[in-house]
Amino acid sequence: MASEEWNQHLPEGFLIKVFRETFFGRLINFSVVLVYEDVCICRYDTAHGKAHRDRYGKKKGLLPKEWYDTWSYKEAFEYADEDFSTNYRAHLRFYEAN
């Protein structure tokens with residue numbers, strides 16, 4: 001089993017924290033976390049045995065999970081990276097509004 005961790009710095013103080021674990025080249029576990037001012041505002045991961053997204057609200061805290069039952073871990077991982085890389089401001093607006 002191989003695991004990797006890295007941070008991707010975005011403009012305006014945003015940060016994507018990535019953890020990825022593979023077994024013989026196959027993605028078996030991951031976490032992609034969007035952070036702003038040291039606060040997790042959204043996260044994609046494979047806890048609970050399924051790919052899903054956890055969204056947070058500044059006032060409401062953890063909101064209901066969004067499950068991606070039909071996606072492979074690879075599809076979910078790639079989507080998470082693309083989503084956070086391009087939509088980080090929208091995720092912050094959602095966090096602040098909730």
Side-chain angles (χ1 to χ4, degrees):
M1 219 174 325
S3 63
E4 301 174 274
E5 290 183 56
W6 68 90
N7 294 330
Q8 179 183 349
H9 295 272
L10 299 173
E12 302 167 39
F14 287 89
L15 176 69
I16 301 173
K17 295 180 141 198
V18 180
F19 169 78
R20 177 171 63 186
E21 192 171 28
T22 59
F23 186 68
F24 290 107
R26 183 172 171 246
L27 185 60
I28 60 169
N29 191 21
F30 74 83
S31 175
V32 182
V33 181
L34 181 61
V35 176
Y36 181 73
E37 295 183 350
D38 294 324
V39 175
C40 170
I41 61 174
C42 194
R43 175 180 69 228
Y44 290 86
D45 65 50
T46 54
H48 318 294
K50 296 179 186 176
H52 66 279
R53 177 170 70 174
D54 290 317
R55 296 182 94 180
Y56 295 87
K58 191 171 187 174
K59 297 174 193 141
K60 297 178 183 176
L62 180 61
L63 300 167
K65 295 182 184 325
E66 296 176 22
W67 298 96
Y68 301 107
D69 297 343
T70 60
W71 292 7
S72 70
Y73 281 7
K74 182 179 183 222
E75 289 171 317
F77 178 81
E78 290 172 352
Y79 181 84
D81 181 56
E82 178 66 24
D83 181 30
F84 288 164
S85 294
T86 58
N87 301 312
Y88 55 92
R89 288 183 194 100
H91 285 287
L92 179 60
R93 284 192 299 273
F94 181 88
Y95 170 80
E96 290 177 336
N98 288 282

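The chain is numbered in sequence order, starting from 1.
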**OP:** May I ask you to list the residues sharing a hydrophobic cluster with F84, side-chain cutoff 4.5 Å, ordered by chain and number?
**Re:**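 Members alongside F84: W6, L10, F14, I16, V18, L27, F30, V32, L34, Y36, V39, I41, Y44, Y56, L62, Y68, W71, Y73, F77, Y79, Y88, L92, Y95.
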
Subject >> Side-chain hydrophobic cluster, 4.5 Å single linkage: members besides L15 >> reply: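 Listed partners: V33, V35.
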
Original post:
Do other residues, nucleotides or ligands put more than 12 heavy atoms under 6.0 Å from the NZ atom of K50?
Top reply: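 Incorrect, the count does not exceed 12.
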
Subject >> Euclidean distance, K60 NZ relative to N98 CG, rounded to 0.5 Å >> reply: 4.5 Å

Any salt bridge (charged side-chain N to carboxylate O under 4.0 Å, His left out) pairs touching [range], not counting sequence neighbours?
{"range": "residues 30-45", "value": "R43-D45, R43-D54"}
{"range": "residues 17-32", "value": "E4-R20"}
{"range": "residues 76-90", "value": "E12-R89, R53-D83, K74-E78"}

**OP:** Taking all heavy atoms of A47 and all of H52, pick out the closest pair and write down the distance.
**Re:**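 In terms of heavy atoms, the two residues are closest at O-CE1, 3.2 Å.
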
Original post:
Got a sec, which residues hit side chain to side chain donor-acceptor pair (under 3.5 Å) with T46, two or more places apart in sequence or on another chain?
Top reply: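 With sequence neighbours excluded, T46 shows a side chain to side chain donor-acceptor pair (under 3.5 Å) to N29, given in chain and number order.
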
